[in-house]
Amino acid sequence: MPCRPPPATAGFLPLSSCRRWRCPWPFSLVLGIGAAVSPSFLTVGNLLNVLTSMSIIGVVVVAMTFVLVAGGLADLSVPATVATGAILSLAFQPVLGTVGAFGAGVMAATAAGVLNGVLVGYGRINAIIVTLATGTIILGAAQWSVGGVIVYGAYPTSGDLLKGRIAGVPGIVLVFGLAALMGHLLLSRTVWGRWTRATGDNYAAATAATVPVRLVRAGAFVLTGLAGGVSGGLLGLTLQNARPGIGQGYEFDAITAVVVGGVSILGGQGSVGRAVGGLVFVQLLTNVMTLAGVRTPVQGLALGLLIIAAVALDVAVRRRGGS
């Protein structure tokens with residue numbers, strides 16, 4: 001089946017420019033290069049490791065999709081909410097137990113998301129400035145609550161379910177799969193999803209159509225706060241230790257995956273499926289570079305160029321389409 005010309009919603013990958021994934025040549029290219037670089041690349045063990053490593057950031061990717069589609073630019077408080085979820089999920093274990101401590105971490109991170117949502121959605125303050133500020137505040141509060149030290153889990157076996165396998169699938173992957181499914185259904189099958197697209201596509205027109213645009217945009221940041229807390233809690237339970245910098249770089253990884261997957265940085269267009277596709281592509285590319293012995297700084301340079309190319313293509317396609 002020949003590849004069709006990309007529509008106005010095209011992103012960097014053909015999974016966003018060709019209907020129903022009919023021409024995923026970048027995936028084929030990465031898989032081919034990976035197989036040539038290392039014989040272990042296409043093994044079940046390596047691919048499962050890639051899937052496992054992307055699952056925690058994948059929860060954030062699902063939520064970040066809503067921020068971009070709603071026209072909220074990005075949430076840069078993610079490293080702080082991830083760290084907060086991880087720190088509190090372990091620090092409060094002796095007092096609240098594993099489940100209670102996990103809930104406390106998620107609630108604290110969600111509170112940061114609510115603050116972001118109110119300031120961005122209702123206060124109409126620039127999202128980049130707001131989320132940088134609130135991220136600093138929430139992380140400082142989390143550090144203060146535990147004395148600014150590395151926190152270790154009180155119950156070393158509390159992460160066994162996440163690290164174990166259910167029907168051959170790692171537990172952490174199942175958590176990510178559930179989050180992705182819920183995010184997909186919310187964005188594609190509900191009124192809230194239609195409101196989210198309308199808000200990001202044309203804020204003024206959506207307002208005139210009585211769409212609760214402020215609530216929708218605020219809700220997107222609440223979702224990223226919630227997702228950051230969940231990801232942090234999962235990360236803390238898996239590693240059984242947490243430090244203030246544990247979430248460093250998560251915002252860049254999430255934005256890269258979402259944009260490379262074809263979710264428009266300008267808002268109004270994109271899907272959770274595309275974002276997950278972008279995440280898989282980026283993780284496979286990173287894995288290939290690691291197996292090839294590419295140094296970490298060079299990997300960062302490559303991913304930076306990738307996101308610049310994705311954003312530039314998105315802007316060019318939107319301008320060409322008259323958006």
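Predicted, not measured: the structure shown is a model, and the values here were computed from it.
Chaining together hydrophobic side chains whose heavy atoms lie under 4.5 Å apart places Leu185 alongside Leu181. Taking Ile, Leu, Val, Met, Phe, Trp and Tyr as members and joining any whose side-chain heavy atoms lie under 4.5 Å apart, directly or through other members, the hydrophobic cluster of Val222 also contains Val114, Val118. Grouping Ile, Leu, Val, Met, Phe, Trp and Tyr by side-chain contacts under 4.5 Å, direct or through others, puts Leu301 with Leu305. Other cluster members for Ile150: Tyr152, joined by side-chain heavy-atom distances under 4.5 Å among Ile, Leu, Val, Met, Phe, Trp and Tyr.
In this structure, the side chain to side chain contact (heavy atoms under 4.5 Å, CB included) partners of Ala242, at least two apart in sequence or on a different chain, are Ala86, Ile87, Leu90, Ile246. Applying the side chain to side chain contact (heavy atoms under 4.5 Å, CB included) rule to Ile33 yields the partners Leu29, Val37, Val288; only residues at least two apart in sequence or on another chain are considered. Contacts of Thr207 classified as side chain to side chain contact (heavy atoms under 4.5 Å, CB included), with partners at least two apart in sequence or in another chain: Tyr203, Val213. Annotation: side chain to side chain contact (heavy atoms under 4.5 Å, CB included) contacts of Leu186 (sequence neighbours excluded): Phe66, Thr190, Trp192, Leu223.
Note that CG of Asp75 and OH of Tyr250 are 15.5 Å apart. Values are rounded to the nearest 0.5 Å. Met64 contributes atom CE, which lies 12.0 Å from atom CG of Leu279 (distance to the nearest 0.5 angstrom).
Between Leu162 and the choices Ile172, Leu235, Thr52, the side chain to side chain contact (heavy atoms under 4.5 Å, CB included) rule is met once, by Ile172.
Checking side-chain atoms of Ser231 against main-chain N and O of Gly228 turns up no donor-acceptor pair under 3.5 Å. The main-chain N or O of Gly123 is never found under 3.5 Å from a side-chain atom of Arg214 such that the two would form a donor-acceptor pair.
Between Gly159 and Gln240, the shortest heavy-atom contact is N-NE2, 4.0 Å.
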Exercise answer: donor-acceptor pairs, residues 291-299 side-chain atoms, under 3.5 Å, sequence neighbours excluded:
residue	atom	partner	partner atom	Å
Gln299	NE2	Thr290	OG1	3.4
Gln299	NE2	Val294	O	3.0

Tell me which donor-acceptor pairs under 3.5 Å the side chains of residues 253-262 have, and how far apart each pair is, sequence neighbours excluded?
residue	atom	partner	partner atom	Å
Thr256	OG1	Phe252	O	2.7

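Legend: side-chain hydrogen bond (donor to acceptor under 3.5 Å, both in side chains) pairs involving residues 93-122, not counting sequence neighbours, sorted by first then second residue: Ser77-Asn116, Gln93-Ser158, Asn116-Thr134. Screening residues 38-49 for side-chain hydrogen bond (donor to acceptor under 3.5 Å, both in side chains) gives Ser38-Ser40, Asn46-Asn287 as the qualifying pairs, with residues at least two apart or on separate chains.
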